Amino acid sequence: MQQDIITVKEAAQRLGIGINQAYEACERGQVPCMRLGKRWLIPRVAFDAWLANCTPTQPSYQYGKGAEE
């Protein structure tokens, strides 16, 4: 049976980011989640829907040549 809630660690793995970044995203409200005591709860249905509706964006910064311009 599939869990209705995923962990921050599972969300981080699915997003391809570190666990600290995932916790920070939860704290900023960037990931659909809720806090219960000291635990972050991420509803699987909300996370999957959010992920499906995300659109790729270009970073607002540039690396390498011309980054200072």
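Here the structure is a predicted model, which is why all the values come from computation and not from measurement.
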Quiz item: Among the clusters formed by ILVMFWY side chains lying less than 4.5 Å apart, do Leu41 and Phe47 turn up in the same one?
Solution: no
Quiz item: Does one hydrophobic cluster hold both Tyr23 and Leu15, with members joined at side-chain heavy-atom distances below 4.5 Å?
Solution: yes
Quiz item: By side chain to side chain donor-acceptor pair (under 3.5 Å), which residues pair with Glu10, not counting sequence neighbours?
Solution: Thr7
Self-check item: By side chain to side chain donor-acceptor pair (under 3.5 Å) - contacts of Gln30 (at least two apart)
Solution: Arg28
Practice problem: Determine, step by step, whether Ile6 and Gln13 satisfy the side-chain contact (heavy atoms from CB on, under 4.5 Å) criterion, reporting the C-alpha distance in whole Å, the side-chain angles of both residues, the deciding distance to 0.1 Å, and the verdict. | Solution: CA-CA 11 Å; Ile6 64 172; Gln13 290 171 341; over 6 Å; no
Self-check item: Under 3.5 Å: donor-acceptor pair, side chain of Arg35, backbone of Gly37
Solution: yes
Practice problem: Starting from Val45, walk the hydrophobic network (Ile, Leu, Val, Met, Phe, Trp, Tyr; side-chain heavy atoms closer than 4.5 Å) and list everyone else you reach, by chain and number. | Solution: none
Quiz item: Quick one: does Pro43's side chain get under 4.5 Å of Met34's, heavy atoms only?
Solution: yes
Quiz item: Heavy-atom distance under 4.5 Å between the side chains of Leu51 and Arg14, does that happen here?
Solution: yes
Self-check item: Shortest non-hydrogen contact between Pro32 and Ala46, atoms and distance
Solution: CG-O, 3.7 Å
Practice problem: Quick one: do Ile5 and Trp40 satisfy side-chain contact (heavy atoms from CB on, under 4.5 Å)? Show the steps, please. | Solution: CA-CA 10 Å; Ile5 302 293; Trp40 286 102; over 6 Å; no
Practice problem: Might you work through the side-chain contact (heavy atoms from CB on, under 4.5 Å) test for Cys33 and Val8, ending with a clear yes or no? | Solution: CA-CA 9 Å; Cys33 60; Val8 174; over 6 Å; no
Self-check item: Rounded distance [0.5 Å steps], CG in Asp4 versus CZ in Arg44
Solution: 8.0 Å
